[in-house]
> 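Let me give you the structure first, and then I'll get to my questions.
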Amino acid sequence: MSGQLLRFGCVGVVTTTLGLVIILALRLLGFALGSATAIGYGVGAVLGWVLNRGWSFRVEGNAIADAAGYSAVMAGAVALNTLLTRHFE
């Protein structure tokens, strides 16, 4: 396995775990599932972008353009997850 793929996997595990912990903590504090999910995803997405860009892939260049594309993909993921999890509220 390449180092880049291993780093990408590690970032995924860390950001997914953090996002889940945030979602569960917010639910315990009384947040609605959709709101807690959006916040957990948002925090995980920002951390994932920073770690993947700087550590996993060591990207240099236009951070604003990269962030815009990454944000669009993550916004779609948040929307889909929020729609699907509303079924369990």
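It should be emphasised that the depicted structure is a prediction, and the values quoted were computed from it without experimental measurement.
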> For Phe57, does its backbone N or O pair with a side-chain atom of Arg53 as donor and acceptor, under 3.5 Å?
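Not confirmed, Arg53 side chain does not pair with Phe57 backbone.
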> Calculate, to the nearest 0.5 Å, the distance between atoms OH and OG1 belonging to Tyr41 and Thr16 respectively.
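Here the interatomic distance stands at 8.0 Å.
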> If you take all heavy atoms of Ala36 and Leu26, which pair is closest and at what distance?
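It is CB-CB, 3.8 Å.
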> Tell me whether Leu83 at atom CG has more than 12 heavy atoms from other residues, nucleotides or ligands lying less than 6.0 Å away.
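Check passes, neighbour count above 12.
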> Could you measure the distance from the CG atom of Leu20 to the OG1 atom of Thr37? Nearest 0.5 Å is fine.
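The OG1 atom of Thr37 is 9.5 Å from CG of Leu20, to the nearest 0.5 Å.
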> Donor-acceptor pair, Arg7 side chain versus Trp55 backbone, under 3.5 Å?
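Such a contact is found between Arg7 side chain and Trp55 backbone.
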> Would you compute the distance between atom CD1 of Ile39 and atom CD1 of Ile23 and round it to the nearest 0.5 angstrom?
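Going from CD1 on Ile39 over to CD1 on Ile23, the span is 9.5 Å.
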> Between Leu18 and Leu51, is there shared hydrophobic-cluster membership here, with clusters defined by ILVMFWY side-chain heavy atoms closer than 4.5 Å?
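Cluster IDs for Leu18 and Leu51 match.
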> About how many Å separate CG of Asp66 and OG of Ser71, when rounded to the nearest 0.5 Å?
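Reported value, rounded in 0.5 Å steps: 10.5 Å.
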> Which pair of heavy atoms, one from Met74 and one from Ala45, lies closest together, and at what distance?
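For Met74 and Ala45, the tightest heavy-atom pair comes out as CE-CB, 3.7 Å.
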> If you count heavy atoms of other groups shown closer than 6.0 angstrom to OH of Tyr70, is the number above 12?
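Yes.
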> To the closest 0.5 Å, what do you measure between OG1 (Thr15) and CD1 (Ile22)?
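One finds 10.5 Å between OG1 of Thr15 and CD1 of Ile22.
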> Hydrophobic cluster membership, with links at side-chain heavy-atom distances under 4.5 Å among I/L/V/M/F/W/Y: are Val14 and Val43 in one?
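Yes, Val14 and Val43 fall within the same hydrophobic cluster.
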> Do Val59 and Val73 belong together in a cluster built from hydrophobic side chains that touch within less than 4.5 Å?
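Unlinked, Val59 and Val73 end up in two clusters.
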